[in-house]
Amino acid sequence: MPSIEKIALFIDGSNLYATSKALGFDIDYRRLLGEFQSRGELLRAFYYTTVVGDQEYSSIRPLIDWLGYNGYTVVTKLTKEFTDATTGRRKARGSMDVDLAVSAMELAKHVDQIVLFSGDGDFRSLVEAVQRRGVRVTVVSTLSTQPPMVADDLRRQADVFIDLAALKPKVGRDPAVRPGSREIGQLPPFLARGAINRGDQVE
């Protein structure tokens with residue numbers, strides 16, 4: 001009898017949000033967990049996102065709170081908004097790439113497969129490094145948009161590529177249905193992780 005594969009999910013929050021919006025649907029994060037729990041032993045599901053530090057209320061806060069109560073390990077970092085001197089437009093500066101990469105390398109020795117929800121080509125070297133440790137890497141993004149949301153070198157480096165469009169029937173939800181921030185899911189205790197706030201300001 002084959003052993004059950006140990007899986008960890010690493011979600012680049014802003015990248016997955018942009019990809020799902022480009023495909024015209026919202027992610028049902030409870031269904032997403034269920035889908036990958038059905039594929040093996042899901043050890044961890046990490047969700048990485050930046051939060052603008054000087055905003056009293058962030059539109060992403062309800063989602064972050066909901067994820068933290070419903071089986072995800074949420075890792076946030078404060079960013080600062082600044083005014084671009086050439087365009088005069090407000091922009092946010094900050095990235096979670098390093099945080100995601102460090103966690104993936106630390107967890108690699110405990111899992112058989114890492115599922116990366118991102119199309120960012122900067123992660124190609126991370127995928128290669130994890131593979132050298134004997135871990136299979138699945139990348140979830142899309143080729144179904146113009147231009148594609150996934151970098152070609154990242155897609156080629158992955159052991160498996162899953163187009164998010166193909167997952168829509170399994171992980172999509174009706175945009176009119178919003179999860180309540182206080183809704184508590186009935187998930188295994190090992191998945192009941194809270195939020196990690198890496199509050200270092202990004203300059």
Side-chain angles (χ1 to χ4, degrees), residues 7-39 42 44-52 58-77 79 91-92 94-97 99-101 103-104 113-124 126-127 137-181 183 185 187 191 193 195:
I7 303 171
L9 309 184
F10 288 85
I11 300 172
D12 176 348
S14 61
N15 195 284
L16 178 58
Y17 175 82
T19 302
S20 66
K21 286 300 180 189
L23 291 170
F25 74 96
D26 289 340
I27 300 291
D28 182 326
Y29 286 96
R30 188 189 300 284
R31 294 182 71 197
L32 188 151
L33 265 193
E35 171 62 23
F36 285 91
Q37 284 171 338
S38 73
R39 298 184 181 208
L42 184 58
R44 291 286 183 276
F46 291 95
Y47 183 94
Y48 296 84
T49 189
T50 54
V51 178
V52 177
S58 171
S59 59
I60 199 173
R61 178 58 60 187
L63 174 62
I64 291 172
D65 291 343
W66 188 91
L67 291 172
Y69 278 114
N70 287 274
Y72 289 84
T73 299
V74 181
V75 185
T76 63
K77 178 182 284 184
T79 66
K91 293 184 178 180
S95 171
M96 297 297 295
D97 291 5
D99 302 77
L100 189 155
S103 296
Q113 181 186 177
I114 281 176
V115 182
L116 173 65
F117 289 80
S118 182
D120 188 340
D122 290 344
F123 287 123
R124 190 206 64 78
L126 167 65
V127 172
V137 180
T138 295
V139 166
V140 180
S141 186
T142 191
L143 290 165
S144 303
T145 55
Q146 287 298 329
M149 296 292 286
V150 62
D152 188 60
D153 55 350
L154 177 65
R155 181 178 62 85
R156 290 173 182 274
Q157 186 66 47
D159 295 292
V160 177
F161 173 74
I162 298 176
D163 199 301
L164 187 62
L167 280 180
K168 180 179 178 179
K170 296 181 178 181
V171 304
R173 69 173 166 83
D174 183 339
V177 179
R178 299 284 176 188
S181 61
E183 184 180 3
L187 294 171
L191 279 173
R193 306 294 169 191

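Remember, predicted model here, so these are calculated numbers, not experimental data.
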Colleague: Nearest 0.5 Å, please: how far is CE in Met96 from CG in Asp12?
Modeller: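 CE of Met96 is found 9.0 Å from CG of Asp12.
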Colleague: Where is the tightest heavy-atom contact between Leu154 and Gly121, given as atom of each residue plus distance?
Modeller: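 Shortest heavy-atom separation between Leu154 and Gly121 comes out as CB-CA, 4.3 Å.
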Colleague: Return the OH to CZ distance between Tyr29 and Arg173, rounded to the nearest 0.5 Å.
Modeller: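 Here the interatomic distance stands at 8.5 Å.
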Colleague: Say whether Tyr17 and Thr49, considering side chains only, have a donor N or O and an acceptor N or O under 3.5 Å apart.
Modeller: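 Judged by distance alone, the side chains do not pair up.
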Colleague: Contact between Ser103 and Val75 at the side-chain level, heavy atoms closer than 4.5 Å - yes or no?
Modeller: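 Ser103 does not reach Val75 side chain to side chain.
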Colleague: If I take atom CG from residue Asp99 and atom CZ from residue Phe46, how far apart are they, to the nearest 0.5 angstrom?
Modeller: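 Taking CG in Asp99 and CZ in Phe46, the distance rounds to 11.5 Å.
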Colleague: Report yes if the side chains of Val139 and Gln157 come closer than 4.5 Å at any heavy-atom pair, otherwise no.
Modeller: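 In short, these two side chains do not touch, never coming nearer than 4.5 Å.
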Colleague: For the OG1 atom of Thr142 and the CD1 atom of Ile162, what is their distance to the nearest 0.5 Å?
Modeller: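 Thr142 OG1 to Ile162 CD1: 12.0 Å, rounded to 0.5 Å.
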Colleague: Mind checking the CD1-CD1 spacing from Ile11 to Ile27? Nearest 0.5 Å is all I need.
Modeller: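 Between Ile11 CD1 and Ile27 CD1, I get 8.5 Å after rounding to 0.5 Å.
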Colleague: On a heavy-atom basis, which atom in Ala165 and which in Pro169 lie closest, and how many Å separate them?
Modeller: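 Taking Ala165 first and Pro169 second, the nearest heavy atoms are O-CD, 4.1 Å.
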Colleague: Given side chains that start at C-beta, do those of Thr50 and Ser14 come closer than 4.5 Å, heavy atoms only?
Modeller: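 With C-beta onward as the side chain, the pair stays apart.
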Colleague: Do you know which two heavy atoms are closest between Gly172 and Asp28, and how far apart they sit?
Modeller: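 Answer, listing the atom of Gly172 first, then Asp28: O-CB, 3.8 Å.
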Colleague: Do the non-hydrogen side-chain atoms of Val140 and Thr19 ever get within less than 4.5 Å of each other?
Modeller: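 Not in contact.
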Colleague: Heavy-atom distance under 4.5 Å between the side chains of Leu143 and Val150, does that happen here?
Modeller: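 They are in contact (side-chain heavy atoms under 4.5 Å apart), so the answer is yes.
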Colleague: Side chains of Asn70 and Leu33, heavy atoms from C-beta outward: is any pair under 4.5 Å?
Modeller: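 When only atoms from C-beta onward are counted, Leu33 and Asn70 do not touch, as no gap falls below 4.5 Å.
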Colleague: Would you indicate whether the side-chain heavy atoms of Leu9 and Ile7 approach each other to under 4.5 Å?
Modeller: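 Side chain of Ile7 against side chain of Leu9, heavy atoms only: contact under 4.5 Å found.
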Colleague: Quick check: does any side chain N or O of Arg124 sit under 3.5 Å from a backbone N or O of Asp152, one acting as donor and the other as acceptor?
Modeller: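 No, the answer is negative, given that no donor and acceptor are paired below the 3.5 Å cut-off.
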Colleague: Between Arg39 and Glu35, is there a side-chain N and carboxylate O pair less than 4.0 Å apart?
Modeller: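 Yes, this pair counts.
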Colleague: Between Asp153 and Arg156 (salt bridge meaning N to carboxylate O under 4.0 Å), is one present in this structure?
Modeller: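 Result for this pair is no, no salt bridge flagged.
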Colleague: Say whether, by atom type as modelled, one donor and one acceptor occur between the side chain of Asp159 and the main chain of Val137 under 3.5 angstrom.
Modeller: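 The answer is yes, because a donor-acceptor pair under 3.5 Å joins these two groups.
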Colleague: Over all heavy atoms of both residues, which pair between Ser141 and Ser118 is shortest? Give the atoms and the distance, please.
Modeller: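 Minimum heavy-atom separation between Ser141 and Ser118: CB-O, 4.0 Å.
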Colleague: Between Leu100 and Leu126, is there a side-chain heavy-atom distance shorter than 4.5 Å?
Modeller: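 Counting from C-beta outward, Leu126 and Leu100 do come under 4.5 Å.
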Colleague: Name the residue from Phe161, Phe36, Tyr72 that meets the ring-ring contact (aromatic ring centres under 6.0 Å, His included) definition with Phe117.
Modeller: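 Per the ring-ring contact (aromatic ring centres under 6.0 Å, His included) rule, the option paired with Phe117 is Phe36, out of Phe161, Phe36, Tyr72.
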Colleague: In Å and rounded to the nearest 0.5 Å, what is the NZ to OG distance from Lys170 to Ser38?
Modeller: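 Lys170 atom NZ to Ser38 atom OG measures 7.0 Å (nearest 0.5 Å).
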